[in-house]
Colleague: 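Mind looking over this structure? Questions follow.
In what follows, chains are A, B, ... by sequence order, proteins preceding strands, each numbered from 1. From a predicted model like this one, the values you see are computed outputs, not experimental measurements.
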There are 2 protein chains.
Amino acid sequence: MEFNARLLDLEAGGKYIVVMGVDDAKKLGVISNDRLMLHTDNSDDVVAILNTAEEFPLGSLGVYKEIGEHLEVSDGTPVQVQPAERPESLNFIRSKIMGEKLMPRQIEAIVADVVERHLSSIELSSFVTALQIHGTSMEEVEALSKSMIKMGKTIDFGKTPICDKHSIGGVPGDKTTMIVVPIIAAAGYTIPKSSSRAITSPAGTADRMEAICPVDLRLDEIIDVVNEVGACIVWGGALDLAPADDLFIQVEYPLSIDPLLLPSIMSKKKAMGSTHVVIDIPTGREAKIKTMEEAQQLAIDFIELGKRLGMKIRCAVTDGEQPIGYAIGPSLEAREALQTLAGSGPPDLVDKATSLAGILLEMVGEEDGKRMAIELLNSGEADKQMRRIIEAQGGDPKVKPEDLIVGGERLDVRAEREGRVLWINNRSIAQIARTVGTPATKCAGIRLGSKLGDEVKEGDVLFSVYADTLRKLEQAGELARDLEPIVVGSYKGENMVMMRISEATTPGAERYILDR
Amino acid sequence: MEFNARLLDLEAGGKYIVVMGVDDAKKLGVISNDRLMLHTDNSDDVVAILNTAEEFPLGSLGVYKEIGEHLEVSDGTPVQVQPAERPESLNFIRSKIMGEKLMPRQIEAIVADVVERHLSSIELSSFVTALQIHGTSMEEVEALSKSMIKMGKTIDFGKTPICDKHSIGGVPGDKTTMIVVPIIAAAGYTIPKSSSRAITSPAGTADRMEAICPVDLRLDEIIDVVNEVGACIVWGGALDLAPADDLFIQVEYPLSIDPLLLPSIMSKKKAMGSTHVVIDIPTGREAKIKTMEEAQQLAIDFIELGKRLGMKIRCAVTDGEQPIGYAIGPSLEAREALQTLAGSGPPDLVDKATSLAGILLEMVGEEDGKRMAIELLNSGEADKQMRRIIEAQGGDPKVKPEDLIVGGERLDVRAEREGRVLWINNRSIAQIARTVGTPATKCAGIRLGSKLGDEVKEGDVLFSVYADTLRKLEQAGELARDLEPIVVGSYKGENMVMMRISEATTPGAERYILDR
């Protein structure tokens with residue numbers, strides 16, 4: 001059937017979508033979400049997904065920007081339209097729904113159709129849900145990783161080893177990467193670190209680093225920086241490494257599920273050319289990974305998947321019961337990272353960073369890696385190296401911690417009694433930080449006044465909230481009173497009830513699981 | 001944040017969707033598929049789902065028709081926008097993904113949010129997938145049914161019993177309803193039958209009946225027709241009975257899954273006011289229900305759900321190994337139905353219709369229902385009753401079978417050898433019928449020349465294909481040669497291999513499961 005193109009001044013998120021009236025669709029024997037095969041006199045066949053509209057001019061084909069540009073049509077251009085075959089990958093998705101294990105070629109077909117935008121959100125969502133419910137075998141995880149790598153760009157730095165570090169996340173204030181990367185580079189190894197921005201947590205490494213210098217580098221710029229100073233800390237989101245992952249995250253995010261954790265992380269590492277990777281698995285009752293058993297199983301899976309992809313992986317299960325260091329929020333955390341590199345860091349952050357750097361140094365052949373890492377930090381070598389990275393990425397290498405601006409409005413939340421800090425709720429801390437606008441508002445955040453086990457007197461500051469407007473600060477203050485994220489008691493065990501559950505309590509979904 | 005409305009001349013399939021640029025979204029701290037709370041100076045708060053666009057004018061809020069009409073905005077109207085809370089129902093969907101059983105209040109919240117368009121396609125698809133994989137308990141099925149009824153309109157005919165008949169479907173040519181309804185009405189009982197149109201099968205009951213008279217009646221018209229003649233055969237799709245079901249079908253259809261079969265059917269029956277319902281479960285290797293055990297389990301579930309909803313249900317497992325009667329396609333089937341009412345119907349159709357009508361008659365207190373049904377058919381009472389229904393719905397009561405026009409182009413597919421018909425593939429028959437344009441092209445279809453067990457000579461017509469254009473007929477002919485839907489052999493067992501499967505064979509998804 002011939003239609004006349006009608007350009008819609010709208011994007012479809014990269015998808016090829018066209019619109020026609022329900023009566024035209026009926027004549028064509030198709031319904032909404034069916035696929036159509038389109039071509040013009042000047043174009044090849046291309047498949048698009050149909051949206052129908054009750055009212056749409058008869059004989060018109062509404063064309064979203066992406067497909068309009070592909071077909072090179074203008075208003076009124078004749079377009080030939082016929083029903084298209086369902087992609088074979090839909091049958092594979094259905095097999096997964098029915099509980100079957102998928103073969104590598106089936107997974108590759110699905111991932112290819114995801115990247116080529118042949119699958120609708122409905123189909124993608126169903127696939128991700130089926131993966132979450134049925135789980136994935138190691139063979140499937142391997143095939144998913146390899147397909148995701150194959151469908152994107154890869155970097156070759158032309159040398160080996162290429163070191164890397166990754167955290168599963170879920171603990172606020174974790175600026176460890178900003179200490180590990182300069183230590184490894186100061187030891188003479190190459191460590192091109194690509195990081196994510198936070199989606200729901202107070203800050204991702206890309207957000208923290210961005211408080212100091214640009215992180216939106218192009219692929220060729222990254223290669224230049226790494227060749228020059230041996231390291232970088234950049235945003236990986238626009239590099240087109242494993243682009244399937246970004247499309248999967250779009251549907252995982254609203255559902256708060258994360259079945260593609262392993263292939264997602266590992267495909268990006270492999271695409272970055274990494275050969276030796278240390279993976280941090282923070283574990284705590286309010287962290288992403290709750291139990292030691294869960295952490296151990298995940299670590300084993302990472303190591304096995306690494307073998308299959310030709311990467312050496314080591315994992316560290318770390319304490320994730322409270323925030324790392326004292327600062328939460330992009331600028332506050334960047335400031336704390338610079339202070340740590342300058343020699344006055346909080347002990348938990350220093351220990352975590354030098355331990356992880358130490359593991360990585362031993363993986364590439366050094367002896368007593370932790371001691372080496374501590375020396376590189378204490379000697380100021382790591383600090384010097386960080387400033388080289390900052391300069392190479394286009395920032396000011398002379399930046400001082402106090403140059404980083406934090407929110408002008410401050411609220412101090414104080415202890416109402418004398419005692420010990422017994423419990424810090426990560427999730428509540430993240431929620432309060434979000435209320436003052438992190439990660440978008442760089443200067444906003446939280447600074448803890450005390451940490452687990454610290455003795456406090458009545459009136460001591462438990463934590464301070466920073467905001468750019470008084471209104472946000474007031475909202476955060478209200479929330480802080482409701483949530484009581486830091487609990488003080490006389491002795492461990494005084495207050496054993498951690499949460500009350502009634503019939504009407506709704507289990508809270510993990511909102512930060514997708515901050516990779 | 002304040003935005004200026006920019007009207008998009010586009011519908012969003014009933015959903016409330018707005019568009020903004022990614023930079024605006026970042027400032028607001030939201031991403032694509034998040035929910036926004038909107039209001040203008042003149043409107044209450046309303047929740048919409050966000051789609052982001054790479055290029056979209058800063059400060060503009062793209063507004064699809066549905067939300068634009070709700071807010072009563074024109075181009076440039078200021079709209080206040082802030083991030084909205086996630087609906088609680090999302091947590092319940094997540095609970096179902098995690099394998100928990102849902103409580104009635106949780107299911108009600110989900111169904112309400114579906115009908116109010118608060119859930120995105122991604123979320124709806126994930127819910128439906130989780131229901132398919134984990135299954136549903138009878139308590140969940142009951143709650144789904146009751147919620148679906150509650151969220152739509154219901155009809156009260158002010159009398160009892162109200163009879164009804166439903167087929168699970170999946171067998172081509174099943175025009176049984178058009179015989180059962182007039183028999184029951186001729187016996188003096190009320191039977192207001194609402195039917196669906198075919199989505200993927202060659203014809204639904206609404207398509208067949210539409211070949212004879214209008215079926216798009218409004219609710220008040222239906223009540224008039226039923227009060228006048230005791231019965232109707234109408235399309236149920238626009239009556240707003242259990243509207244949630246239509247929204248579920250939109251996501252079930254592309255996935256070819258059907259986890260809401262029971263609540264979908266039963267909520268519509270209950271909304272129609274039905275008190276006594278006979279349900280036909282055709283069973284065959286290429287039908288929707290494959291085995292006797294599966295059929296029996298489904299029947300038990302229907303009966304139990306009926307009890308919980310206050311309806312008396314009886315089920316009949318029928319033979320679904322081949323099409324019912326000889327005709328497939330709206331007009332061809334309507335013609336065969338009229339011939340059957342006139343006394344010259346194919347034996348399988350006559351037996352099936354009088355058996356189902358007999359069960360229904362016994363359910364409302366008659367003795368020897370089948371005999372009564374046969375008498376009402378043979379005496380011409382059912383035919384007279386059908387013509388009253390046709391007239392009441394606005395058709396010609398004097399319509400003759402030969403008045404129904406069938407496609408002018410015909411292709412006869414002939415037996416290439418002598419023997420017996422050993423196998424008729426329902427799915428291939430449906431596929432060939434679709435190639436000639438059924439159900440949209442009313443005059444197109446297939447007429448079988450012989451049925452299972454019939455003796456044929458070389459050159460006998462196995463089946464004829466009818467089309468309105470020679471081009472479609474040629475395509476159907478090619479497909480018929482490929483599929484060989486009717487297999488002839490010397491004796492049962494001569495040709496034991498029914499299908500060959502290689503490593504590269506893809507399991508075919510059931511495309512007609514959603515024709516309810």
Colleague: Taking the six-membered ring of B/F127, is the NZ or CZ of B/R94 close enough (under 6.0 Å from the centre) and on axis enough (within 45°)?
Modeller: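 Checked: cation-pi criterion not met.
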
Colleague: At a 4.5 Å cut-off on heavy atoms, which part of B/R434 comes close to chain A: side chain, backbone, both, or neither?
Modeller: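 Only the side chain of B/R434 comes within 4.5 Å of chain A.
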
Colleague: With chain B as the partner, which of A/V19, A/I31, A/V30 has the greatest number of non-hydrogen pairs under 4.5 Å?
Modeller: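 The candidate making the most pairs under 4.5 Å is A/I31.
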
Colleague: Given that the side chain runs from C-beta out, which part of B/Q132 has a heavy atom under 4.5 Å from chain A: side chain, backbone, both or neither?
Modeller: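 Side chain only.
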
Colleague: So which part of B/I122 gets closer than 4.5 Å to some heavy atom of chain A, the side chain, the backbone, both or neither?
Modeller: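 When you check distances to chain A, atoms from both the backbone and side chain of B/I122 fall under 4.5 Å.
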
Colleague: Among the options A/N33, A/I97, A/I93, pick out the one with the most heavy-atom pairs lying under 4.5 Å from chain B.
Modeller: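 Among the listed options, the one with the most contacts to chain B is A/I97.
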
Colleague: Name the region of B/Q250, side chain, backbone, both or neither, that has any atom closer than 4.5 Å to a heavy atom of chain A.
Modeller: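 Backbone only.
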
Colleague: Determine the option with the most heavy-atom pairs under 4.5 angstrom with chain A, choosing from B/S32, B/A53, B/S125.
Modeller: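 Ranked by heavy-atom pairs under 4.5 Å with chain A, first place is B/S125.
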
Colleague: Side chains of B/S126 and A/T129: is there a donor and an acceptor less than 3.5 Å apart?
Modeller: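 Yes, a side-chain donor-acceptor pair sits under 3.5 Å.
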
Colleague: When you measure from the centre of the six-membered ring of A/Y16, is the NZ or CZ of A/R35 closer than 6.0 Å and no more than 45° off the axis?
Modeller: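 A/R35 over A/Y16 ring: no.
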
Colleague: Do B/E11 side-chain atoms and A/E55 backbone N/O form a donor-acceptor pair below 3.5 Å?
Modeller: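 Yes.
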
Colleague: Which region of B/L8, side chain (C-beta onward) or backbone (N, CA, C, O), has a non-hydrogen atom less than 4.5 Å from a non-hydrogen atom of chain A, or is it both or neither?
Modeller: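 Contact with chain A: side chain only.
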
Colleague: More than 12 heavy atoms of other residues, nucleotides or ligands under 6.0 Å from CD of B/E85: is that the case?
Modeller: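 No, not enclosed.
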
Colleague: Closer than 3.5 angstrom, by distance alone: can the side chain of A/E54 be matched with the main-chain N or O of A/G21 as a donor-acceptor pair?
Modeller: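 Checking the backbone N and O of A/G21 against the side chain of A/E54, no donor-acceptor pair under 3.5 Å is found.
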
Colleague: Does any heavy atom of chain A fall under 4.5 Å from the side chain of B/V251, the backbone, both, or neither of them?
Modeller: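 Looking at B/V251, backbone and side chain both touch chain A.
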
Colleague: In terms of heavy-atom proximity below 4.5 Å to chain B, should A/L28 be classed as side chain, backbone, both, or neither?
Modeller: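 Contact with chain B is absent: no heavy atom of A/L28 under 4.5 Å.
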
Colleague: Would you say A/Y64 and A/N51 are linked by a side-chain donor-acceptor pair, where the criterion is simply a distance under 3.5 Å?
Modeller: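 Judged by distance alone, the side chains do not pair up.
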
